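Here the structure is laid out as structure tokens; the discussion comes afterwards.
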Amino acid sequence: MPCTTILVGRNASYDGSTIVARNEDSPGGQFEPKRMAVVHPEDQPRVYTSVESHLTIELPDDPMRYTSVPDALPGHGIWAEAGFNEANVGMSATETITSNDRVLGADPLVEYVPAQGKEGEEGYVPAVPGGLGEEDLVTVVLPYIRSAREGVERLGALLERYGTYEMNGIAFSDVDEIWWLETVGGHHWIAKRVPDDAYVTMPNQLGIDYFDLSDAEGEQVEHMASADLRTWMEDNHLNLTMMRPAALDDMLDEIYADMPDEPFDDDEDDQDHEDGFGDLFADIRDGILSGDIFNPREAFGSHSDSDHVYNTPRAWYMQRCLNPHDEWDGPHAAYGPEADDIPWSRVPERKVTIEDVKYVLSSHYQGTPFDPYGRRGNDASRRAYRPIGINRNGQLAVLQVRPYVAPEHACVQWMAFGCNAFNALVPLYGNVETMPEYLENTTARVTSESFYWENRIIAALADARFHDNAAHIDRYRQKIGGLAHKLLRETDAAVADLPAAEVPAALEAANQRMADDLRRETDALLGRVLHTTSLAMKNAFSMSDN
């Protein structure tokens, strides 16, 4: 399923939080209505069967309560997508990613094979279940993990046992760490810890571009992987990393990332640091030569022309927003929208806010010739690349774990439904028993009583007269944002001295207040957009009827 992800390490975020954010986009040609939910231990299945792959697995008997964003319409699985559990661990699953022929030949995807014939008749062949996929992962992992690292370990074990029928990227977060796991073929996987001072951009491509197998096989400080990854890669000739200029550039990036911001005090310090950088350079060089260090994007990812239209431009634009003083345009640009080597992680120019995350995940190449609503470029350039804020956005979940409040109210799940170019994020505390009806009551019926459908209606109306409605959308978004931060500040203070048993009810009340404010402002926005767009109807006539 098409999506876009950004991950923000705690030292790169505005308040020391870990932030995991992902758009879930519907497949082409359809909308998939979404809703909020809280899953209680008594409602969690003990035996789980996937609708897509017909895989049945037994689950542990001690699940925790967790939030989720499941499909609203029954019949084709849960698709829980994103949430927090009681241990303040977040999970976002999944970012659909790409692969190549060599990987799929070395470890084929585990796809469901329907039965042939009728049971009891000659020649009958029973069905063969497929592996795990996006439909299943939050449900079978999130209720059972107590850290981001445990999330990687549990999912990795499930992948090795049951396999998967698709290539996916999955994020896990807690108050200290974010880990990103990418599936590789049917049963293999790699995972990398997001640097604390960096952000990561993921646009439907296998993204990790630097991996240390010796760490994954040893202390696992920043890397983890399926146990046989090295021998599997060697047996199938998958490592494409060479000692070429691009590889040397990667080494220098690693070295420069560790350089101090302040100048050295004296020549002796200067020489010590130069010696240290030289040692690091040599270590990376030796790692490449030994096979310990490699580029997974080259080994496991895709290199197709369609990536340059659908995927890489999104990473280019997100990084353009967060590192704006780099050269992004023209012949001297370090990276263009079709570059295959846009870094997986970068240190931002300034600390990243919730509003920054919302902006990049709502973007449509503003300020470039590629903006479909823009006045630069031409008709061809404005349709050249797939936007991030696309009509098929279904939901955006931003998982924030805050280190400066008590664990009982540390987790905030910011949510937006519908097309991100026309909606707003609202914060919902995660340690609750229920979610507000306005976000939970999505049905097949299109109605303004549902936050999901009301945003869909607003987007369709506002898009028709984008520039006329832009000010309405901007004022709405800022009004909701201000109310959101005010509510968090006031609620944090109000619950700080409450007994732990009383906190969930207070958080539920805060969530309801936020939903009430959201509904009032969204109703008002719908009225303004409806009026503005109706003025441009083809049967409009301005002469007074009086």
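Keep in mind that this is a model prediction, so the values were computed, not measured.
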Query - Residue pairs, two or more places apart or on separate chains, that pass salt bridge (charged side-chain N to carboxylate O under 4.0 Å, His left out) and touch residues 377-387 - result: Asp25-Arg386, Asp379-Arg382
Report summary line: By side chain to side chain donor-acceptor pair (under 3.5 Å), Thr231 pairs with (sequence neighbours left out) none
Requested in this report: Go through the structure and list residues passing ring-ring contact (aromatic ring centres under 6.0 Å, His included) with Phe84, not counting sequence neighbours.
Outcome: none
Requested in this report: State which residues pass side chain to side chain donor-acceptor pair (under 3.5 Å) with Thr183; sequence neighbours excluded, sorted by chain then number.
Outcome: none
Report summary line: Those residues at least two apart in sequence (or on a different chain) that pass salt bridge (charged side-chain N to carboxylate O under 4.0 Å, His left out) with Glu217 are Arg230
Report task. Mind jotting down which residue pairs meet the salt bridge (charged side-chain N to carboxylate O under 4.0 Å, His left out) criterion with at least one end in residues 355-374? Sequence neighbours excluded, please. Result -> Arg350-Asp356
Report task. Report the residues that fulfil side chain to side chain donor-acceptor pair (under 3.5 Å) with Asp174, sequence neighbours left out, ordered by chain and then residue number. Result -> none
Query - Residue pairs, two or more places apart or on separate chains, that pass salt bridge (charged side-chain N to carboxylate O under 4.0 Å, His left out) and touch residues 141-150 - result: Arg149-Glu177
Report task. Side-chain contact test, heavy atoms from C-beta onward, threshold under 4.5 Å: evaluate it for Asp15 versus Gln400 and give yes or no. Result -> yes
Report summary line: For Arg154, the side chain to side chain contact (heavy atoms under 4.5 Å, CB included) test, sequence neighbours excluded, returns Leu59, Pro60, Val141, Tyr144, Ile145, Leu158
**Report entry** Counterpart residues, side chain to side chain contact (heavy atoms under 4.5 Å, CB included), relative to Tyr359 (two or more places apart)
**Finding:** Tyr317, Cys321, Gln366
Report task. Kindly write out the residues that satisfy side chain to side chain donor-acceptor pair (under 3.5 Å) with Asp176, not counting sequence neighbours, or none if the list is empty. Result -> Arg10
Query raised in the report: Applying ring-ring contact (aromatic ring centres under 6.0 Å, His included), which residue pairs with at least one partner in residues 213-239 are found, sequence neighbours left out?
Result: His188-Trp232, Phe211-His223
